[in-house]
Amino acid sequence: MHVRESMHGSWTSRWAFILAATGAVVGLGNIWTFPYTIGMNGGGAFVLVYLACLILIGVPIMIAALALGRRARHSPVNSMFTLAIESGHSDIWRYLGFVCVFASLLFLSYYSVISGWAIYYAFLTGSGQFTGITSAGVKARFFNFIQDPVYLLMFHTLFMMMTMYVVSVGVRGGLEKAAKIMVPVLLVLLVVLDLYAFNTNSFAKAFEFLLDPDFSRLSWEAVLIAMEHAFFTLSLGMGVIMVYGAYMPQRVSITQSSLSVAGIDTLVTLLVGLAVFPLIFSGGLKATSGTDLLFLNLPLAFGQLHWSVLFGTLFYLMIIFAAWTSSIALLEPAVAWLIENHGFKRFKATFFAGTIVWALGIFTVFSFNKWQFRFSLFGHIHQNGFFDVFDQLTTKIMLPLAGILIALFAGWFMSREASRDELEMHDWLYASWRFLVRYISPFAMLVVFLTSIGVIKLS
Ligand code: TRP
């Protein structure tokens with residue numbers, strides 16, 4: 001068996017890895033898109049399709065990314081380089097690492113701006129600003145806020161500083177410790193919010209919306225959404241899982257921990273749905289997603305409930321933790337690369353990468369006010385300038401392409417001995433995984449990609 005060492009350190013145990021990876025995969029998507037998507041596409045029926053997509057597409061690619069990272073034990077760029085050379089292929093594969101790192105930085109630049117909004121909303125809720133507020137009131141608050149670039153920049157800066165602080169401390173003292181504190185706290189907050197929601201008069205309605213299977217709503221489009229989300233929710237295609245794999249102790253099982261992480265992620269989404277929709281329905285509002293849900297309808301719903309100052313604040317705190325543990329993961333691939341290739345100390349590397357991301361974030365800050373523009377792409381109209389450009393570029397183009405290539409590399413280019421060694425699976429399991437990453441996952445991601453850019457039309 002062939003074992004390299006990571007110069008950045010490693011997770012202390014299997015649980016440390018599971019918590020760190022859970023921190024990376026549980027993010028805004030679990031809160032503001034996915035519960036709504038489940039509810040709108042057939043509830044329990046959609047959950048079944050989604051679980052199948054996790055097993056056939058998401059988890060195999062996650063296993064592939066972890067195996068690549070752990071085998072090479074470097075940043076994504078150097079891991080791809082090392083493994084391509086080791087298996088006798090062209091070092092051009094390292095550009096896949098660059099694509100991942102570039103995507104992670106671009107993605108973080110706008111993720112941070114939105115996460116900053118949650119900080120502001122935690123303050124607003126905590127100081128009782130939403131108590132008894134009207135629909136016009138929440139709208140005015142939100143639009144005044146996003147029209148003020150100074151405010152947006154302030155919270156984006158604060159959030160980036162929080163992210164950079166953790167990453168600058170290092171793998172064990174920073175990333176691992178943050179996850180060990182924040183992930184359990186997040187889970188406890190979630191359960192507390194579920195209990196709060198359980199006491200409203202709309203829990204049953206929310207339960208039905210989220211979980212009652214309605215097979216008539218399952219369409220091909222829903223299947224595609226499930227495939228895309230199974231990939232996105234596991235934070236694949238940005239080098240994050242690969243670099244977290246590089247820090248994984250050799251004795252930890254990649255397969256078992258991937259399944260645990262995917263399972264916790266799914267559970268979190270369902271628990272979020274059961275916490276959020278009872279509040280929304282009890283306020284007489286419709287289920288929505290995105291900024292509408294987080295910054296308009298939820299404050300409005302909270303404003304009408306008892307104890308909302310306390311529970312509303314806990315809710316935004318939960319969002320901040322979810323976003324924070326994802327953001328530190330997003331900065332790590334670039335930081336690891338700067339340390340390896342440019343001899344930077346971790347502090348300097350974090351400062352450098354973080355500052356670039358912060359500066360890129362300014363484009364998003366101005367997307368909601370001074371530089372707002374509309375454009376149409378792949379058949380959809382987008383309202384918010386650069387924010388939407390970055391979002392489309394990363395999630396619709398770079399991520400699926402990187403996902404396809406990671407699966408193909410692990411399935412076709414990495415030697416059988418190397419992946420076997422790293423995965424240590426039973427024969428039948430290994431054969432199934434290899435079949436999935438060779439044929440099924442790349443094909444599924446290709447279909448997702450071609451549909452999202454409008455080459456394949458469903459109806
Ligand atoms: N999985 C995250 C979510 O559900 C979003 C995400 C996608 C992400 N790719 C990532 C987070 C890479 C961290 C790193 O919201």
Side-chain angles (χ1 to χ4, degrees), residues 19-38 50 53-54 57-59 61-62 65-66 69 75-76 99-115 118 159-160 163 166-167 175 178-179 182-183 186 190 225-226 228-245 258 261-273 289-291 293-294 318-336 353 357 390-403 406 445 448:
L19 288 174
T22 301
V25 306
V26 170
L28 287 176
N30 296 70
I31 301 169
W32 76 354
T33 31
F34 205 44
Y36 172 78
T37 310
I38 295 177
Y50 169 68
C53 293
L54 267 185
I57 304 162
V59 172
I61 303 182
M62 183 171 193
L66 289 171
S75 68
V99 170
C100 290
V101 171
F102 182 63
S104 67
L105 297 180
L106 201 56
F107 185 81
L108 177 56
S109 78
Y110 66 86
Y111 204 73
S112 161
V113 175
I114 307 287
S115 307
F159 189 79
M160 277 313 296
T163 301
V166 175
V167 176
L175 301 170
M182 283 195 266
V183 172
L186 185 155
L190 188 52
I225 295 175
E228 186 177 11
H229 198 78
F231 177 83
F232 180 78
T233 195
L234 294 180
S235 298
L236 298 164
M238 295 209 210
V240 166
I241 296 302
M242 206 188 287
V243 85
Y244 274 33
S258 303
V261 172
I264 301 175
D265 182 70
T266 308
L267 195 64
V268 167
T269 296
L270 295 176
L271 289 177
V272 169
S289 64
T291 47
L293 174 67
L294 290 195
M318 180 187 79
I319 298 186
I320 295 169
F321 283 169
W324 194 359
T325 46
S326 292
S327 299
I328 57 181
L330 284 161
L331 199 54
E332 182 62 22
V335 167
V357 172
F390 292 175
D391 181 39
Q392 295 294 309
L393 189 63
T394 50
T395 60
K396 300 284 182 231
I397 299 177
M398 297 168 81
L399 255 60
L401 286 180
I406 287 169
M445 289 313 294
V448 166

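Since the model is a prediction, treat every value here as computed from it, not as a measurement. Order of appearance sets the numbers: ligands from 1, and atoms from 1 within every ligand.
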Under 3.5 Å: donor-acceptor pair, side chain of Thr325, backbone of Ala24: no
The single option from Leu54, Ile57, Ile61, Val240 passing side-chain contact (heavy atoms from CB on, under 4.5 Å) against Leu234: Leu54
Val167 vs Leu175 side-chain heavy atoms within contact, under 4.5 Å: yes
Heavy-atom side-chain proximity of Leu399 to Met445 below 4.5 angstrom: no
Donor-acceptor contact present, side-chain Tyr50 to main-chain His229, <3.5 Å: no
Residue-ligand contact Ala329/ligand 1, heavy atom below 4.0 Å: no
Ligand 1 contact on Ser104 by region, counting heavy-atom pairs under 4.0 Å: neither
Numbering as shown, the atoms of ligand 1 that approach Gly29 to under 4.0 Å (heavy-atom distance): 3 (C), 4 (O), 15 (O)
Atom 14 (C) of ligand 1 - nearest protein heavy atom and its distance: Leu330 CD2, 3.2 Å
Main-chain N/O of Ala230 paired with Thr233 side-chain donor or acceptor, under 3.5 Å: no
Region of Phe232 engaging ligand 1 - heavy atom pairs below 4.0 Å: both
N/O separation below 3.5 Å, Leu399 to ligand 1: no
Close N or O approach (Leu28, ligand 1; < 3.5 Å): yes
Residue Val25 vicinity, atoms of ligand 1 by number, heavy atom under 4.0 Å: 1 (N), 2 (C), 3 (C), 4 (O)
Option passing side-chain contact (heavy atoms from CB on, under 4.5 Å) with Asn30 (candidates Val25, Leu190, Thr269, Thr266): Thr269
Flag side-chain contact, heavy atom, 4.5 Å: Thr33 against Phe232: no
Shortest protein contact, atom 9 (N) of ligand 1 (heavy atom only): Met238 CE, 3.3 Å
Sub-4.0 Å atoms of ligand 1 with respect to non-hydrogen atoms of Gly27: 3 (C), 4 (O), 15 (O)
Check: Ser289 side chain, Phe34 main-chain N or O, donor-acceptor pair, under 3.5 Å: no
Closest approach of any protein heavy atom to atom 11 (C) of ligand 1, naming residue and atom: Ser235 OG, 3.3 Å
Contact partition for Ser326 relative to ligand 1, non-hydrogen atoms under 4.0 Å: both
Atoms in ligand 1 flagged as close to Asn30, the criterion being non-hydrogen separation under 4.0 Å: 3 (C), 4 (O)
Shortest protein heavy-atom distance from atom 13 (C) of ligand 1, along with the residue and atom involved: Ala24 O, 3.4 Å
Tyr111 heavy atom under 4.0 Å from ligand 1: yes
Neighbour count >12 (heavy atoms, 6.0 Å) for atom CZ, Phe390: yes
